[in-house]
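Notes for the one structure printed next.
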Amino acid sequence: MLIFLWAESQGHVIGFRGQLPWHLPADMHYFKTVTMGNTIVTGAKTFASFPGLLPNRTNVIVSHRPASDFPAEAIVLNSLDAVRAYAAERPTEKIFVIGGAQIFAGLIDDVDYLYRTNIEAGFDGDTWMPAIDYSKFQLIDRQPGVRNEKNPYDFTFEQYQRL
Ligand SMILES: NC(=O)c1ccc[n+]([C@@H]2O[C@H](COP(=O)([O-])OP(=O)(O)OC[C@H]3O[C@@H](n4cnc5c(N)ncnc54)[C@H](OP(=O)(O)O)[C@@H]3O)[C@@H](O)[C@H]2O)c1
């Protein structure tokens, strides 16, 4: 199953200058907990924002470039159709599509679940979550995050399932 996992701030901002616009350790912890042991699918630009492969997860990178441009342990897929085929061959696996915007936009009609962190603050951005028709999904879980010194925003974790 394909699951989108992302965080967005006001105005659907998800990125700025190749990075996340915010520092929110509670969301990073959530990301790690949810994806651990599963597969993550990342666009090449988002992958470039990481220090390297994410440990204890199968790392799939979407790029037009050859696999030899990436770490040997990564699975490199050269098209979104290849991602669809990869997921179709593994129907019981949780496959987390973790962005960025190009990858989300291309797979929006294929996704089964949406895991969205809403950050209720405004940030400068240059990358936005593509429009999603939420009438095609139902909210199945909603948990408020804990605002504190290290996580100085209101934020909420939501999960939606395709109807
Ligand atoms: N807030 C969040 O939850 C979140 C999540 C993820 C990312 N982000 C942010 O989003 C920004 C990056 O997003 P982005 O949209 O610019 O880039 P992206 O989606 O991460 O990566 C784009 C790259 O993916 C490859 N690609 C895209 N479509 C493809 C296709 N159909 N076939 C083969 N390869 C394809 C291409 O790589 P090649 O050029 O190598 O061919 C393309 O340059 C960063 O700021 C990042 O921090 C935020």
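First listed ligand is number 1; within each ligand, the first listed atom is number 1. Hydrogens, waters and symmetry mates are skipped; everything else that's a heavy atom, side chains included, is used.
Annotation: atom 31 (N) of ligand 1 to nearest protein heavy atom, Leu80 CG, 3.5 Å. For atom 44 (C) of ligand 1, the nearest protein heavy atom (residue, atom name, distance) is Gly18 C, 3.7 Å.
Here the shortest heavy-atom distance to atom 40 (O) of ligand 1, taken over Ser63, Ser9, Pro21, belongs to Ser63. Across Thr127, Val97, Leu5, heavy-atom proximity to atom 10 (O) of ligand 1 is greatest for Thr127. One option in Leu24, Val13, Leu20 has a heavy atom closer to atom 4 (C) of ligand 1 than any other, and that option is Leu20. Looking at Ile103, Val83, Val62, Val76 and measuring to atom 25 (C) of ligand 1, the nearest heavy atom belongs to Val62.
With a 4.0 Å cut-off on non-hydrogen atoms, Ile98 touches ligand 1 through its backbone and not its side chain.
Within the 4.0 Å heavy-atom cutoff, Phe123 does not count among the residues contacting ligand 1. The shortest heavy-atom distance from Gly106 to ligand 1 is not under 4.0 Å. Using a non-hydrogen distance threshold of 4.0 Å, Phe16 registers as a contact of ligand 1.
Within 6.0 Å of CZ on Arg142 lie no more than 12 heavy atoms contributed by other residues, nucleotides or ligands.
Remark: ligand 1 atoms within the under-4.0 Å shell around heavy atoms of Trp6 are 3 (O).
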